[in-house]
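Inspection log for the structure reproduced underneath, given as structure tokens.
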Amino acid sequence: MWNAATARKLAWALLALGLVLHAFGVADGWTKVRNADHGRDFASYHYAVHAAADGLDPYDKAALGKLAREEGTRRAVHPFFYPPPFLLGMSWVLPLTLPQAYSAWFWLDSLFLLAVVLALWKWRPGTGTLLGLAATLAALSAIPNNHVMGQANLPTLALMVWGAVLARNRPWLGGALVGVACMLKMSPALLVAWWLLRRRWKPVVSACGAALVLSLGSLGFGVEVTRTFYLDVLPGFSSGDYNGLTVPVDLFGNHSLPNLFAQIWPAADGLSSTARTAGSVSSVALLLGSVWLLRDNLAAVGALCIAMIITPVYAYEHHVTFALVSVVAVADALWERRLHWGWLALLLPAFVVMCWPIAQWKALADGRWLFQEAKFFALLAFGAACVVASRARA
């Protein structure tokens, strides 16, 4: 007979299947990582830490490229554009070569994924959460893509989600974790801003305090490093100048809202002033709207995660890892009937598009604009569902 206990057992079985499929993806990713001495995106972190330790400027792309050539791994390195405390967290790479550190990071990244899963289960330990986790682990291609690229999305997400969970009952600890996340990547600051506008003072003060302590700690790399980030690097984010990153804003695989504005109001390089203004206005509107629309629950964090993906100038495939929270929140809401099952007519195709590996999707697109921007609209669909779920009752 079908009942809640049977449904829970089936959900556990599906989660087990999802883990098996995820393991196949991890194995394929590990093959790519162990055979890649160039370290992909992780090389920026690795050589930035080595540059800072040697008294060089970690935000100087030429200095990073010189270190890479001396080690014989690659001719050039993408620019480093993360906050100075990020260097503290990555200092463990100092005794390692790039291939060694890149390989170690692949497995550390999997542990951070486990931390995200445990945080979501702690927040909403139910059948819907199990189903959402099963689906994302089995199919969300952004997760293995993140592993292979050597990106830092999962440690940031783990700190942020655990912070959001704990902030409900232990605001000082939860806020501190989110503050640490902000010092890895800037996007979780959106959660702090949301708390601030909702007058949740304790986690806000704690997050700012943690960020300040880490910033003071990073002064050991030199005051000039901190000055360079906040006065030279950070102001360029709104215009698409990520410390000299030479990637077109409107490239295939950029799933951001500013990417759409860049196509409406193009510029020869980066964002035009009109596109930049539209991006800033839309970001502020999303933040203010979240205060009015979102209640303090998992679906609210899911909606904010979508905003964290689409509002920066660049939203690559690995950034879609943040949508893991959104999918689990939506699955939980559907199971608890806080979302009508009619939403599945929109969300199922959106999930398929969101999970499709980007290289295969680009080949399928064959230059068609709607295909190019399909992942953006899929993310938007899950963001809208999270907003509705956050406000709804069972």
Side-chain angles (χ1 to χ4, degrees), residues 10-12 14-19 21-22 25 112-147 153-154 156-158 160-162 164-165 187-188 191 255 294 297-310 315-358 361 374-390 392:
L10 178 59
W12 277 111
L14 290 173
L15 178 60
L17 177 60
L19 287 170
L21 294 174
H22 180 74
F112 285 118
L113 174 61
L114 175 61
V116 174
V117 169
L118 292 175
L120 293 171
W121 178 252
K122 179 175 176 60
W123 198 338
R124 295 292 298 177
T127 302
T129 298
L130 291 174
L131 295 173
L133 289 172
T136 50
L137 290 174
L140 188 59
S141 61
I143 295 176
N145 179 276
N146 182 83
H147 289 337
N153 295 300
L154 284 170
T156 305
L157 186 60
M160 189 191 78
V161 177
W162 270 109
V165 173
S187 54
L191 177 57
H255 314 309
L294 300 177
N297 49 34
L298 177 59
V301 177
L304 292 173
C305 281
I306 296 297
M308 291 176 199
I309 298 171
I310 66 173
Y316 298 128
E317 188 71 3
H318 55 77
H319 292 121
V320 180
T321 303
F322 274 72
L324 187 159
V325 179
S326 313
V327 175
V328 171
V330 165
D332 175 68
L334 285 166
W335 187 261
E336 299 293 334
R337 297 299 180 90
R338 284 178 290 110
L339 274 182
H340 191 278
W341 282 16
W343 273 89
L344 289 172
L346 172 65
L347 294 174
L348 284 178
F351 183 70
V352 170
V353 169
M354 194 164 63
C355 292
W356 209 294
I358 188 64
W361 187 254
K375 290 209 175 194
F376 166 78
F377 292 114
L379 290 165
L380 210 60
F382 272 89
C386 282
V387 171
V388 174
S390 176

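- Closest approach of S141 and C355 over heavy atoms only: OG-O, 2.8 Å.
- Within the model, atoms CG of L120 and CG of L157 stand 7.5 Å from one another, a figure rounded to the nearest 0.5 Å.
- Between A389 and A333, the shortest heavy-atom distance links the atoms CB-CB, 3.5 Å.
- Distance check: L137 CG to L21 CG gives 9.5 Å after rounding to the nearest 0.5 Å.
- With rounding to the nearest 0.5 Å, the separation of CG in L294 from CG in L304 is 5.5 Å.
- When every heavy atom of L334 is checked against every heavy atom of W343, the shortest pair comes out as CD2-CB, 4.3 Å.
- Residues W356 and E317 share a closest heavy-atom pair of O-OE2, 3.9 Å.
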For W12 and W121: C-alpha separation, side-chain torsions, deciding distance, then whether ring-ring contact (aromatic ring centres under 6.0 Å, His included) applies. CA-CA 12 Å; W12 277 111; W121 178 252; 5.5 Å; yes
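- Considering CG of L154 and CG of L114, their distance stands at 11.0 Å, rounded to 0.5 Å.
- Smallest separation of non-hydrogen atoms from W123 and L298: CZ2-N, 3.5 Å.
- Looking at heavy atoms from C-beta onward, V388 lies in side-chain contact with L339 at the 4.5 angstrom threshold.
- For the atom pair L380 CG and I309 CD1, the distance stands at 11.0 Å (nearest 0.5 Å).
- For the side chain to side chain contact (heavy atoms under 4.5 Å, CB included) with V330, the qualifying choice from L344, L347, V325 is L347, the only one to do so.
- A donor-acceptor contact under 3.5 angstrom links the side chains of N297 and S390, judged on distance only.
- Cation-pi geometry between R338 and W335 is not met: the NZ or CZ atom fails to fall both under 6.0 Å from the ring centre and inside 45° of the normal.
- Minimum heavy-atom separation, K375 to I358: NZ-N, 4.3 Å.
- In this structure, a donor-acceptor pair under 3.5 Å is absent between the side chains of H318 and N145.
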